[in-house]
Every structure is written in C-alpha cells, then in structure tokens.
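Below is one structure, written out as structure tokens; the observations come after it.
All chains are named by letter (A, B, ...) in the order of the sequence lines, taking the proteins before the strands, and each is independently numbered beginning at 1. Because the structure is predicted, anything quoted here is derived from the model rather than measured.
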2 protein chains.
Amino acid sequence: MPAPSSVAAAEQTSRDKILDAAEGLFAKRGYAAIGLRELAEVVGLGKSSLFHHFRTKAQLYAAVTARILVRIEARLVRSLAAGGDPLVRLERWLDDLVDLLAENPTYARVLLRSLFEDDDLPGDLPEEIEGRRAIGDMMAAVGGLLREGMGAGLFRAVHVNHFLLTLVGVTVFPFASGEFGAEVLGKDLFDPTEVRRRKREVRALLRSGLVARASR
Amino acid sequence: MPAPSSVAAAEQTSRDKILDAAEGLFAKRGYAAIGLRELAEVVGLGKSSLFHHFRTKAQLYAAVTARILVRIEARLVRSLAAGGDPLVRLERWLDDLVDLLAENPTYARVLLRSLFEDDDLPGDLPEEIEGRRAIGDMMAAVGGLLREGMGAGLFRAVHVNHFLLTLVGVTVFPFASGEFGAEVLGKDLFDPTEVRRRKREVRALLRSGLVARASR
DNA sequence: GTCTATAATAGGATAGAC
DNA sequence: GTCTATCCTATTATAGAC
C-alpha cells in the first residue's frame, strides 16, 4: 500500500503516467488524431498495456477530461469559500481560474476539445458522468453567485445562463485558442505579463464594459 | 460556361457539393475523425473522385475553412461600411456576426475546430494563406474600430488585442459550444429567441459590464 | 502488469481504364 | 470527371505467454 493519496508521494503509477501523457497529446492534436501506439511510445509501455489500465480509448479520454474538471472544481470551491460579497467572490474565482488555466496549458485545450468531441464517446461511462456532474455543479455555483449579486443590487439584471457562456468565453476560450490567440495578441498568452493583463481586462469588462462613463 | 458566379444558378458543381458535405461533417466530428470514404458516400461519389477536386484531405479542409472566413469577412465589410460612430458600427457588426453564426450552425464549429486542428495542416497551402489573410484583415478592421472609439473618448482604455479575444469569446465560442452550451442555456442557442437574447447580452456587456451603476 | 502476436478494419493516396 | 483496383500503413482491440 504505497502512499495512496499523499501529495508528497514521489512514486507515480503507470495509470498516472498514461493520463499525463494522454492529456498532453489530446490537448495538442485531439482525440481522433492520437493513436494508442503513439501514446504508448510516449509513456514507455507497449500498446497492449494501455488496455490493462483503461478498457477503451474513449474511457481513457473521458478519464483525462474528468480529472481536469474535478481539479478545476476543487479550485472553484476554494475560491468561493474565502468569502466576500458576490463581486469579490466572482472576481477572485475568475482570477484563480485564469491562473489555473495559465499554469496548465493543456486544460483549456482539452476542455474545449471535449465540448466538440463528445460525439466520439458512448455517453454513459462513469468518467463522463463524473465530468458532467462537475460541470453542472460549477455552473450552478457561479449561477447562484450571479443571482445573489443581482438580488443584492450589486449586479445589473443579466440573463444568468447567457452570462455563464460569456464567462467561459472570456476565460477558457483564449487559453485554448493556440496560434490564433498568439497571433492576435502578438505575444504568448501564457506569458505572466499577458496572464496579468487578461485578468485585468476581465475585471474591467465586468466593472465597466467597453463604453466610457461620460458618454453613457 | 454555365452561370459562373450567378447567385441564381441552380447548378451546383461537384466541388461545391464536396465542400458543403465536408463542412457539415468536419463541423460535427472534426478533421481527423472524418474519413474520405465517409465523405464520398455522403456526396455520392467514389472516394477516388475526391482527389480529382482536392489534392489532399488537408487541402480540402483548408478550403472549407477559408470559404467560411471569406464569407464572414464579406459580411464584416458590409456591416462596417454602413456608417455611424464606432459604437454603432461595432454593435452592428456584432449583431450581424451573431446572426451569421446562428444562420449557419457549421461556421462557429469549423472555425473553432480549425484553431485547434492547424497542426494537421502543412501551413503553406493557398487556402490556408487566404484564411489567415481574412482573419488578419478582420482583426485589423475591428482593432481599428476600437482604437477609433478610444480616440474619440467613446470607449474606455482597453487593451485592444485582449479585447479582440474577448469579442471572439463572447460571439463565436457560444455557437460552437454544442451540447455544453445547450445544457447551460437549457435551450437551443440557435433558436431565434436565444439568438436575440445573445445579441442583447453582448450589447449590454459592452455598455455596462456586469456591475450595477449605483454601486460603482 | 507487461509483453508478442494477431485479428479485422479503415486510413490517405495513386494508377489507369473508361 | 468518375470509376475499380490496389498499395502501404495505421487503427482499436483481443488472446495468451511470461
């Protein structure tokens, strides 16, 4: 029973090695484009050994995305628990989310890809269900925050669900946009300076929109 | 020489049929997941016939995305040409973009996918170059509009390039988000009511952000 | 838990008849 | 311009030895 869930554990199971390698490959080239032969090569195992840890390629993929979603959810819970009024909590969460996506360049890519590639999955795998639960819980938590802020007169009257899509679009999307984002910015979005700018721009957007005050 | 570029032309060349079918399939399942055998079946041709019209699968894919980008660019030019101050022009363009994406459900999906899937392309195909030019021109046009609005004191001081990413994130992303977007909304985003709501929310975001006026 | 060997199928692309 | 036939390689997955 070697260090079952200790953070300090240096040992990494084959399962974790496979998940890590798969996350990187899927992020870069997507589900359909990655062959298990290539993945096995990166991990340093034979192709058949992968099937000992994951029954199918689809299950492996679902496990990769579920792992990311659960980690993001854990950060969300921490961010919201720190207290403050709805605006403080929302801004803290968006900052933390952007930091998390910036620290883990595979996350945004895998997540946005998984939105597009769910046709390839059977739909009833435990990993898929867990992932959908995490998404649902996160949307419910942030949606509740928006409603709380509106109830307190702190936020204007937004259409909550559309605003949730907006928030994903201004945080997750840029970090998944790859070459396009880098060309638009003229810089690497994962550079600490640009990450700070991204957070600042998101906050400013929520606080003021685009239009200058005097002209309203 | 049958009606080379007439809009009223009922005749559709094999090339156009292939592009249309490929656009639908690529939108739904992506570049790597679509086999040319399947595409040929949908078009009603033999697999080998596809190679008479497009030299490689990659070139076909690039042609599909370039065609969409050129159409969006044409709409942008029309939207901006109609005049008005920078806010009027920006809002008109965003409305038109959302309408275009709503009328053509394949567009947003193909475009966002193409951001992720450019690893599969050689990078120097004429169709890719044309697509990149269209993107560059569009970003330059909207960027110029933002700068004009800032210069006129109409917009607050934004980081132009980050704001361009934001605009793509709040317009294109939702229409590419598929099942996720539908589940968050609880409705189909392509439904006319939701399209109107999307446009209204984007305008409100630009005009006021999220935070209510009194509490600023 | 990892391996070799293999099955069964599909992939993109080409040659050449019509 | 479309077809059939073919090439070569890659795919996911299984069986069974170690």
Side-chain angles (χ1 to χ4, degrees), chain A residues 1-4 9 11-22 25-26 28-65 113 117-125 127-128, chain B residues 1-4 9 11-23 25-26 28-65 113-114 117-125 127-128:
Chain A
M1 231 69 69
E11 297 284 337
Q12 198 191 24
T13 65
S14 280
R15 194 172 195 278
D16 290 332
K17 280 186 210 164
I18 294 169
L19 284 171
D20 288 345
L25 289 171
F26 286 144
K28 205 172 236 166
R29 311 223 310 278
Y31 178 74
I34 296 301
L36 297 181
R37 178 181 131 274
E38 183 181 1
L39 170 61
E41 223 161 68
V42 171
V43 178
L45 285 177
K47 197 174 52 161
S48 299
S49 302
L50 302 179
F51 289 95
H52 178 80
H53 300 279
F54 301 94
R55 291 244 272 285
T56 63
K57 185 191 180 186
Q59 192 192 41
L60 167 59
Y61 186 69
V64 167
T65 69
R113 276 187 190 280
E117 290 168 351
D118 56 6
D119 290 317
D120 302 305
L121 304 187
D124 54 357
L125 297 172
E127 291 85 355
E128 290 183 86
Chain B
M1 232 71 66
E11 298 283 340
Q12 198 191 24
T13 65
S14 280
R15 195 172 193 277
D16 289 333
K17 281 186 207 162
I18 294 169
L19 283 171
D20 288 346
E23 186 177 303
L25 289 172
F26 286 144
K28 204 172 234 162
R29 311 223 311 278
Y31 178 73
I34 296 301
L36 296 182
R37 180 180 132 274
E38 183 181 1
L39 170 61
E41 222 160 68
V42 171
V43 179
L45 285 177
K47 193 172 60 157
S48 299
S49 301
L50 302 180
F51 289 95
H52 179 79
H53 300 278
F54 301 94
R55 292 244 273 283
T56 63
K57 185 191 181 187
Q59 192 192 39
L60 166 60
Y61 185 70
V64 167
T65 68
R113 276 187 190 280
S114 77
E117 291 167 350
D118 56 5
D119 290 317
D120 301 306
L121 305 188
D124 55 357
L125 297 172
E127 291 84 355
E128 290 184 86

Short side-chain N/O contact to dG1(D) OP1/OP2 from Ser14(B), under 4.0 Å: no
For Leu45(A) and dT4(C), what is the distance between atoms CG and C1' respectively, to the nearest whole Å? 15 Å
OP1 or OP2 of dC3(C) under 4.0 Å from side-chain N/O of His52(A): no
Whole-Å gap separating C1' (dT12(D)) and CG (Leu50(A)): 11 Å
Counting only N and O atoms by type, is there a donor-acceptor contact under 3.5 Å from the side chain of Lys57(A) to the main-chain atoms of Ile34(A)? yes
Just to be sure I understand the rule, does Ile34(A) reach a base, reach only the sugar-phosphate, or reach nothing, if contact means heavy atoms closer than 4.0 Å? sugar-phosphate
Expressed in angstrom and rounded to an integer, what is the separation of Leu39(A) atom CG from dT12(D) atom C1'? 13 Å
Between dT2(D) (C1') and Leu36(B) (CG): distance, integer Å: 16 Å
Contact under 4.0 Å: Arg37(A) side-chain N or O vs dT11(D) OP1/OP2: yes
Rounded to the nearest Å, what distance is computed from the NZ atom of residue Lys47(B) to the P atom of nucleotide dA10(C)? 11 Å
Nearest 0.5 Å please: distance from the OG atom of Ser49(A) over to the CG atom of Leu36(A). 11.5 Å
What's the closest nucleotide to the side chain of Ser49(B) if the choices are dA13(D), dA10(C), dT2(D)? dT2(D)
I want to verify a distance call: between dG1(C), dA13(C), dT4(D), whose nearest atom is closest to the Ser48(B) side chain? dT4(D)
Measure the distance from CD on Glu38(B) to C1' on dT9(C) and round it to the nearest whole Å. 15 Å
Arg29(B) side chain to Asp120(A) backbone, donor-acceptor under 3.5 Å: no
Residue whose nearest DNA chain D nucleotide is more 5′ - Ala33(A) or Arg55(A): Ala33(A)
Round to a whole Å and report the spacing from CG of Leu121(B) to C1' of dG12(C). 15 Å
With the side chain of His53(A) defined as its heavy atoms from C-beta on, choose the nearest nucleotide among dA13(C), dT2(C), dT2(D). dT2(C)
Looking at every non-hydrogen atom in both residues, tell me the closest pair between Gln12(A) and Asp20(A) and how far apart they are. NE2-OD2, 2.5 Å
What orientation do Tyr31(B) and Phe26(B) show, parallel under 30°, tilted 30 to 60°, or perpendicular over 60°? tilted
Can you tell me how far C1' of dT14(C) sits from CZ of Phe51(B), to the nearest Å? 9 Å
